[in-house]
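So that the names make sense, note that chain A is the first sequence line, chain B the second, and so on, each numbered from 1.
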Amino acid sequence: MATIRLIPSTSAVSNSSYASISNASNMYSNTDSTTYGTFTHNRASTSNTYYGYLRGFNFSVVPDNAIVSNFTVKIKASATGHTTSTSSSYYMSLVNNTTQIGSTSANGRLNTTVTVFTFAEGSLTWDTIKGYGSNFGIRIPMRRSSRNTADVVSVYGAEIEVEYTVPTPRTITTTLSGNGTISPSGSNTYYDGDEINLIITPTNTSDTVTATRDGADITSQLVAHGAEIDANRVLGAFTLESGSFNSGESWFEDREGKGHDTSDTTTSNYYSVSSSSTAVFTYDVGFNLPSNANITRVYAIINAHAESSSNANEYMCFQLVSGSTDLSEEINFKTISTSNTNHTLECDTLPTVSQIAVMKLRCRLGYYGGALNGATVYVEYDIGGTLDHYTYTFTVSADTTIAVVIGGSGDTDKLYVKINGTWVEVTTAYKKINGAWVEQSNIASLFNTTDNYKKG
Amino acid sequence: MAVNKVIYANTTLIDTSTDTAVASDIANGKTAHSKEGTKITGTLAFITYYTGTSTPSASTGCDGDIYLKVAN
């Protein structure tokens with residue numbers, strides 16, 4: 001985590017005939033400053049408000065790929081001859097050029113005491129203020145409390161304190177030996193957390209791929225995927241299982257025969273049970289897959305609706321099961337829709353090849369019923385070692401801390417410094433940038449062989 | 001004309017003719033004399049590194065300096 005303080009570089013007044021600026025350069029500091037510049041209300045009037053502006057914050061010192069976790073806008077100021085009104089109109093505020101941004105305002109009124117004020121950014125985001133660029137700034141109101149006494153606002157400095165981290169860049173180099181193709185190829189820069197998909201199309205089984213990260217071989221970390229296969233099927237054999245079914249009052253109307261899929265919503269299986277009955281029935285939806293299939297996804301799309309009624313006991317539930325094992329959640333179309341709608345049943349825990357072989361779509365029915373228009377069950381899998389199309393997916397991640405050792409012994413992947421004859425591990429490293437100490441995440445770049453160093 | 005050797009009564013009082021230091025060997029801003037006897041100003045710049053057990057104070061060091069924080 002690095003912290004940097006951006007400072008303003010420009011100042012202006014809303015009316016140069018009645019307001020003025022002195023020692024502006026003193027304002028272009030952070031709030032540690034002990035020297036000041038002034039905005040002055042020059043008009044003998046207590047009825048007019050004029051504004052000073054501090055803008056031109058140096059956003060460019062924050063790296064473009066920085067991830068900003070927090071920012072705070074501050075200003076150090078005091079005022080003499082300033083209005084004593086507590087109206088919010090006389091609070092300092094954040095602006096885009098001359099327009100106040102939302103309701104952002106300082107956490108106090110200007111007064112004779114030199115104070116560091118902060119601004120409640122509220123919903124204001126870093127990307128928004130950075131987008132304002134040199135127009136982003138602070139508006140300082142000037143209004144006299146007494147007609148013949150100038151309102152003089154002394155500004156010692158202002159800042160945007162920014163906390164951020166910078167992803168570590170990595171150079172990933174990939175090569176394919178043989179006549180196939182690989183994409184991306186060559187050397188490319190990625191950042192920690194990036195996911196890289198290598199698409200490799202070999203021409204024969206002897207083609208091999210290698211990959212390095214910052215020169216270190218990571219080929220063994222690549223995850224090979226064989227050819228991806230999608231299989232799907234429609235509903236199979238129907239079995240009524242529950243013993244509570246009241247055949248005198250309940251019925252299943254299979255109008256077009258079982259097995260139609262979700263592409264045909266013009267025909268339906270209708271079910272209805274009496275108020276005293278429940279029913280459980282299943283459809284076979286198993287797949288016979290190769291024993292070495294690598295299952296990647298199993299799900300069903302069901303098009304159905306429950307009959308509309310006010311009876312709280314009514315339900316029409318679907319679930320993918322295998323034997324006594326529930327493969328998916330159970331969904332109740334009574335709570336989903338009383339008109340035909342598609343709904344996806346997902347197996348969050350991937351079933352095995354043997355479980356898929358005897359998979360069923362189970363329906364539980366209570367009271368009234370509904371209509372099942374169709375269902376299609378899908379299985380996605382790949383076969384390792386299939387020579388067709390390989391996909392390697394891996395995530396660039398931080399490696400062990402890169403070694404920089406200032407003389408002496410110690411682990412080669414940590415930074416040590418010798419103090420009073422003893423090697424001590426460095427926990428945090430800083431570099432001074434624009435007057436502020438900024439924590440460094442990439443210790444490897446802290447020292448080099450061309451600069452000279454001396455102990456301070 | 002620069003002087004790099006002073007001999008008085010057959011005694012060599014000063015002789016810089018075999019000195020090897022040049023401006024890049026001498027700390028930035030410091031002065032010395034070359035083997036030719038001319039005054040030179042050093043250009044050797046250093047990055048100062050500090051060590052400590054707490055977060056560095058804003059008043060410590062200059063831009064480009066390094067601070068290494070170690071455990072107590």
Over all heavy atoms of both residues, which pair between A/Ala429 and B/Leu68 is shortest? Give the atoms and the distance, please.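 Nearest pair, atom of A/Ala429 first, then B/Leu68: CB-CD2, 4.1 Å.
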So which atom in B/Val70 and which in A/Val426 form the shortest heavy-atom distance, rounded to 0.1 Å?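 Taking B/Val70 first and A/Val426 second, the nearest heavy atoms are CG1-CA, 4.1 Å.
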Atom group of B/Ala58 that falls short of 4.5 Å from chain A, counting heavy atoms: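 Both parts, backbone and side chain.
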Relative to chain A, which segment of B/Ser57 carries a heavy atom at a distance below 4.5 Å: side chain, backbone, both, or neither?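 The backbone, not the side chain.
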Spell out, as yes or no, whether a donor-acceptor pair under 3.5 Å connects the side chain of A/Trp437 to the backbone of B/Ile66.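 Such a contact is absent between A/Trp437 side chain and B/Ile66 backbone.
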Heavy-atom side-chain proximity of A/Tyr453 to B/Phe46 below 4.5 angstrom: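 Counting from C-beta outward, A/Tyr453 and B/Phe46 never come under 4.5 Å.
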Out of curiosity, B/Ile47 CD1 to A/Lys431 NZ, how far, rounded to the nearest 0.5 Å?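 So the gap between those two atoms works out to 6.0 Å.
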Rounded distance (nearest 0.5 Å) linking atom OH of B/Tyr67 with atom CD of A/Glu439: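 B/Tyr67 atom OH to A/Glu439 atom CD measures 12.5 Å (nearest 0.5 Å).
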Chain A: which of B/Thr48, B/Leu44, B/Asp63 shares the most heavy-atom pairs with it under 4.5 Å?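 Most pairs with chain A among the choices: B/Asp63.
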Start with the C-alpha distance between A/Tyr430 and B/Thr55, add both sets of side-chain angles, then the distance that settles side-chain contact (heavy atoms from CB on, under 4.5 Å), and finish with yes or no. CA-CA 9 Å; A/Tyr430 299 84; B/Thr55 306; 3.9 Å; yes
Among residues 12-31 of chain B, which ones touch chain A with a heavy-atom distance under 4.5 Å?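 None at all.
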Atom [atom1] of [X] with >12 non-hydrogen neighbours under 6.0 angstrom:
X       : atom1 : answer
B/Lys69 : NZ    : yes
A/Tyr53 : OH    : yes
A/Asp64 : CG    : no

